[in-house]
Structures are given as C-alpha cells and as structure tokens.
Amino acid sequence: MALLLREAIGDSLRRTRVSQSRTLREVSNSARVSLGYLSEVERGRKEASSELLAAICDALAVPLSDVLVDVSETLATKKSNSGLGRPVSGAATAGATAAVSAQVSGSPSIARDTRVVIPAPNARSLAAA
C-alpha cells in the first residue's frame, strides 16, 4: 500500500519532535493543539490543516518548508523503491519497443521516436540554487 501524505507528514513531525527530546504534551501546549489530536496527526490518522501544520512547526521551531521537503523526499524514495511511476503513454511504449528491437537486431542506432526522461531536481537542490 502506498504511503499517504498525512502519514509522511506525521512521520516527519514525530522524527523532529523526538530528535528534540520533547514530549507530545510540550509540543501540544506550545502549538495550542490538543495532545490527542497532535498524536493522531503524528500517527497519520488525521489530515492536518495548513494552519495547524504551521502552529506545530512553530512549536517545534522548524520551518514548514523543511518539513515539506522532508516529506517530498520520503514520498519520492518510497515511490522509487516500490517501482511505481507515472503511467506510460502509448508513444513512450512504442519508442521503447523500437529501441529494444534495434538493440536485438544488432543495429547500433537508436530509434527516432525514443524519448529520454530527465527527472526534475529535488526540492533541496532547488532551494540551494
């Protein structure tokens, strides 16, 4: 089963809180969020609003953007490890088939309709630029 966004956000928030050696109670008081609700957000059971995420991040003294970058990288890693990707279009499939046929026949050329996909840079490298 795919990792849900709310689960990835919860994991990131919990890792941050634990790395600061803080309790749920401390963070919930600082963020003005009920302890039970914060616990459910961390466990990925509740979908947190942007206002709630901002309050939790403020309480943890971590920028929301850092949490979202961490979540993005986690989701990308899970996606690449699971072998899942975007659906392949018919044109891309035809190009791949032609390229494989050319390799099998011993021809050194690459089919004209072969497409090269260059992955987008991750959010951290964009932020650093």
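Note that the structure is a prediction, hence the values are computed from the model and not measured. Start at 1 with the first residue, then count along the sequence. Only this structure's heavy atoms are used, side chains among them; waters, hydrogens and symmetry mates stay out.
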Enquirer: In Å, rounded to the nearest 0.5 Å, how long is the span from CD1 of I9 to CG of L68?
Expert: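 Separation between the atoms: 6.5 Å.
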Enquirer: How many angstroms lie between CG in L4 and CD in E47, if you round to the nearest 0.5 Å?
Expert: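 Here the interatomic distance stands at 8.0 Å.
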Enquirer: Could you tell me which non-hydrogen atom of L3 sits nearest to which non-hydrogen atom of E7, and how far apart they are?
Expert: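 Where L3 meets E7 most closely, the heavy atoms are CD1-OE1, 3.5 Å.
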Enquirer: For the hydrophobic clusters of this structure (ILVMFWY residues joined by side-chain heavy atoms under 4.5 Å, transitively), does one cluster hold both V18 and L13?
Expert: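 The answer is no; the residues belong to distinct hydrophobic clusters.
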Enquirer: Could you tell me the separation between the OG atom of S12 and the CZ atom of R17, rounded to the nearest 0.5 Å?
Expert: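 Atom-to-atom, S12:OG and R17:CZ are 12.0 Å apart.
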Enquirer: Can you see which heavy atom on L5 is nearest to which on V71, and at what distance?
Expert: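 The pair with the smallest heavy-atom distance is CD1-CG1, 3.6 Å.
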Enquirer: Could you grab the distance from atom CZ of R15 to atom CD of E42, nearest 0.5 Å is fine?
Expert: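 Those atoms lie 11.0 Å apart.
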Enquirer: For the atom pair CD (E26) and CG (L35), what is the distance rounded to the nearest 0.5 Å?
Expert: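 Reported to 0.5 Å precision, the distance equals 11.0 Å.
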Enquirer: In the structure I gave you, are the side-chain heavy atoms of V69 and S72 within less than 4.5 Å of one another anywhere?
Expert: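 V69 does not reach S72 side chain to side chain.
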Enquirer: Take D11 and T74 through the side chain to side chain contact (heavy atoms under 4.5 Å, CB included) test and state the conclusion after the steps.
Expert: CA-CA 10 Å; D11 288 344; T74 299; 5.8 Å; no
Enquirer: Go through V62 and V67 one step at a time and tell me if the side chain to side chain contact (heavy atoms under 4.5 Å, CB included) criterion holds.
Expert: CA-CA 8 Å; V62 62; V67 171; 4.1 Å; yes
Enquirer: Quick check on side-chain contact (heavy atoms from CB on, under 4.5 Å): which of R6, R14, K46 does V41 satisfy it with?
Expert: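 That would be K46; it is the only one of R6, R14, K46 passing the side-chain contact (heavy atoms from CB on, under 4.5 Å) with V41.
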Enquirer: Could you work out, with side-chain hydrogen bond (donor to acceptor under 3.5 Å, both in side chains) as the rule, every residue matching R45, not counting sequence neighbours?
Expert: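 side-chain hydrogen bond (donor to acceptor under 3.5 Å, both in side chains) list for R45, sorted by chain: empty.
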Enquirer: Excluding sequence neighbours, so at least two apart, what forms side-chain hydrogen bond (donor to acceptor under 3.5 Å, both in side chains) with R43?
Expert: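 R43 satisfies side-chain hydrogen bond (donor to acceptor under 3.5 Å, both in side chains) with S39 once adjacent residues are dropped.
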Enquirer: Holding to side-chain contact (heavy atoms from CB on, under 4.5 Å), I want the full list of residues that pass it with S30, two or more places apart in sequence or in another chain.
Expert: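 In terms of side-chain contact (heavy atoms from CB on, under 4.5 Å), with neighbours along the sequence ignored, S30 is linked to R22, A59.
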Enquirer: Going from CZ on R25 to CG on L38, what distance comes out if it is rounded to the nearest 0.5 angstrom?
Expert: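 One finds 11.5 Å between CZ of R25 and CG of L38.
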